[in-house]
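Structure first, commentary second.
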Amino acid sequence: MKIAFVGKGGSGKTTLSSLFIRHLAASRVPVIAVDADINQHLGAALGLDEAEASALPAMGAQLPLIKDYLRGSNPRIPSAESMIKTTPPGEGSRLLRVGEDNPVYDACVRTVELDAGAVRLMATGPFTESDLGVACYHSKVGAVELCLNHLVDGREEYVVVDMTAGSDSFASGMFTRFDMTFLVAEPTRKGVAVYRQYKEYARDFGVPLKVVGNKVQGPEDLAFLRDETGDDLLVAVGHSDWVRAMEKGRPARFDQLEEANRHALETLHHTADAAYGRRDWERYTRQMVHFHLKNAESWGNAKTGVDLAAQVDPAFVLSEGAATPQPA
């Protein structure tokens with residue numbers, strides 16, 4: 001299951017995504033955690049110190065390796081250089097699976113040991129000084145989008161992505177890559193503004209969206225969120241002494257998280273798991289192709305010098321049963 005956490009900057013989306021990841025690990029569920037925010041905080045939220053977090057390999061720096069591995073023997077993709085972030089898989093492409101080992105994971109994944117289990121962590125990489133005035137940060141998250149396009153996951157296999165803040169993920173098709181999107185919203189006008197943007201943008205693409213209220217201090221805050229988000233409000237989270245201790249670098253064992261917050265995480269888990277029955281791989285593949293053709297026409301063809309529409313394999317549908325060639 002592919003799960004996204006989104007929200008405005010400062011809403012607590014990284015904190016909530018890290019708690020959900022810890023909950024899944026404690027449930028002994030295989031998890032790949034992805035920090036797709038240029039402001040890299042997920043590693044620290046999972047307990048890494050500053051040196052460990054800064055040493056995480058950047059997916060953006062491994063883009064040539066990622067492209068070369070994923071294209072496999074796909075005859076529609078003659079070279080890794082012709083691939084862009086939206087390139088869809090086809091016959092002969094190599095696919096990624098949650099529990100396997102492969103060269104992409106070897107280069108980009110680090111295992112994080114938690115007190116209740118372990119997770120695999122990937123990070124898009126920070127915006128560096130050499131990028132200033134030269135690069136668009138969307139090129140950094142392109143590696144994440146390409147991997148999601150080639151990733152096959154099943155029930156009780158989780159990929160949890162901490163997304164860029166605000167509505168920036170709509171700059172590409174990555175917002176359609178998820179079985180469930182949890183939007184973290186504070187009980188403020190600014191807090192629900194991003195919800196409205198997401199709701200409007202996602203409506204035409206059937207993106208499942210639920211709101212997680214955060215920093216809720218009482219019935220008035222809860223009533224405000226319910227008035228603003230209606231049935232999309234799934235659960236609300238209030239103050240947490242456990243989280244405050246974690247943010248100071250002195251977390252208690254995860255089983256000491258407050259009962260109300262443990263219940264909230266269980267609700268997120270049940271909601272995400274229920275989305276499995278609504279999976280539509282054909283629609284997922286159509287949306288992937290839609291955004292690839294859109295990107296090809298707007299900038300991809302000019303950048304690569306080839307007709308990227310030719311990369312689309314009309315007979316291929318990504319699914320749990322899709323075959324992938326073995327590495328040579």
Side-chain angles (χ1 to χ4, degrees), residues 1-7 10-37 39-56 98-99 105 109-123 153 155-163 178-186 210-217 234-275:
M1 304 295 289
K2 301 181 185 75
I3 309 299
F5 278 81
V6 301
S11 65
K13 68 179 180 62
T14 298
T15 298
L16 265 296
S17 62
S18 72
L19 290 176
F20 186 60
I21 290 164
R22 289 176 183 269
H23 165 81
L24 293 174
S27 303
R28 297 296 186 264
V29 173
V31 183
I32 294 178
V34 182
D35 192 342
D37 195 337
N39 298 310
Q40 306 272 279
H41 297 305
L42 184 58
L46 291 173
L48 299 185
D49 61 31
E50 186 175 344
E52 291 170 327
S54 62
L56 289 172
V98 172
Y105 293 168
V109 166
R110 293 296 177 266
T111 299
V112 178
E113 298 290 342
L114 304 172
D115 58 34
V119 299
R120 294 166 129 181
L121 175 62
M122 305 172 76
D153 53 300
R155 190 168 206 155
E156 288 299 298
E157 290 183 329
Y158 276 83
V159 179
V160 181
V161 183
D162 181 21
M163 297 280 280
F178 301 101
D179 297 290
M180 178 59 62
T181 295
F182 292 127
L183 189 144
V184 181
E186 300 168 90
K210 287 295 181 181
V211 174
V212 180
N214 193 29
K215 306 177 184 178
V216 175
Q217 298 182 7
L234 177 65
V235 71
V237 178
H239 174 78
S240 170
D241 290 331
W242 191 97
V243 169
R244 181 61 61 86
M246 177 195 71
E247 291 174 342
K248 293 177 179 177
R250 299 192 294 270
R253 287 188 56 82
F254 186 64
D255 58 14
Q256 295 179 25
L257 182 71
E258 299 86 359
E259 182 178 358
N261 291 329
R262 290 203 308 271
H263 177 71
L265 295 175
E266 289 169 358
T267 300
L268 297 186
H269 192 173
H270 292 325
T271 302
D273 187 62

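Just so it is clear, the model here is predicted, and its values are computed rather than measured.
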Mind checking whether F20 and Y158 have parallel, tilted or perpendicular rings, split at 30° and 60°? perpendicular
Give me the atom names and distance for the closest heavy-atom approach of K13 to V184. CA-CG2, 3.8 Å
Point-to-point distance, once rounded to the nearest 0.5 Å, from CZ of R22 to CG of L46: 5.5 Å
Does any non-hydrogen side-chain atom of D179 lie less than 4.5 Å from one of D153? yes
Looking at side-chain heavy atoms only, is the closest gap between E266 and H23 below 4.5 Å? yes
So do L19 and V243 actually touch side chain to side chain, heavy atoms under 4.5 Å? yes
Please verify the inter-ring angle class for F254 with W242; under 30° counts as parallel, over 60° as perpendicular, anything in between as tilted. perpendicular
Please determine if R262 and D255 form a salt bridge, counting it only when a charged side-chain N lies under 4.0 Å from a carboxylate O. no
From NZ (K210) to OG1 (T271), nearest 0.5 Å: 7.5 Å
Closest non-hydrogen contact found for M1 with A272 is CE-O, 2.9 Å
Check whether the side chains of S11 and E186 place a donor and an acceptor atom closer than 3.5 Å, and report yes or no. no
When rounded to the nearest 0.5 angstrom, what is the spacing between CG in L265 and CG in L24? 8.5 Å
CD1 of I3 to CG of D162, rounded to nearest 0.5 Å, is 13.5 Å
Could you walk me through whether L114 and V119 pass the side-chain contact (heavy atoms from CB on, under 4.5 Å) check? CA-CA 8 Å; L114 304 172; V119 299; 4.1 Å; yes
Could you give the distance from CG (N261) to OG (S240), rounded to the nearest 0.5 Å? 5.0 Å
Which atoms form the tightest heavy-atom contact between S17 and L42, and what is the distance? OG-CD1, 3.8 Å
Is any side-chain heavy atom of V6 closer than 4.5 Å to a side-chain heavy atom of F182? no
What one should report as the nearest heavy-atom pair of N214 and G12 is ND2-CA, 3.7 Å
To check you understand the geometry: which heavy-atom pair defines the closest contact between A275 and M180, and what is its length? CB-CE, 4.3 Å
Within a strict 4.5 Å, meaning less than it, do heavy atoms of the I32 and Y105 side chains meet? yes
S27 (side chain) donor-acceptor with V29 (main chain) under 3.5 angstrom: no
Contact summary for A53 and A44, nearest pair of heavy atoms: CB-N, 4.5 Å
Do the non-hydrogen side-chain atoms of E156 and H269 ever get within less than 4.5 Å of each other? yes
After noting the C-alpha distance and the side-chain angles of V161 and K2, does the key distance pass the side-chain contact (heavy atoms from CB on, under 4.5 Å) rule? CA-CA 8 Å; V161 183; K2 301 181 185 75; over 6 Å; no
Between L183 and V212, is the side-chain contact (heavy atoms from CB on, under 4.5 Å) condition met? List the steps. CA-CA 6 Å; L183 189 144; V212 180; over 6 Å; no
Non-hydrogen side-chain atoms of L48 and L56 separated by less than 4.5 Å: yes
So do the side chains of L121 and I21 get within less than 4.5 Å of each other, counting heavy atoms only? no
E52 side chain to D49 backbone, donor-acceptor under 3.5 Å: yes
Go through the steps for H239 and D241 under the test side-chain hydrogen bond (donor to acceptor under 3.5 Å, both in side chains), then give the verdict. CA-CA 7 Å; H239 174 78; D241 290 331; 2.8 Å; yes
Separation between CD of E247 and CZ of R244, rounded to the nearest 0.5 Å: 6.5 Å
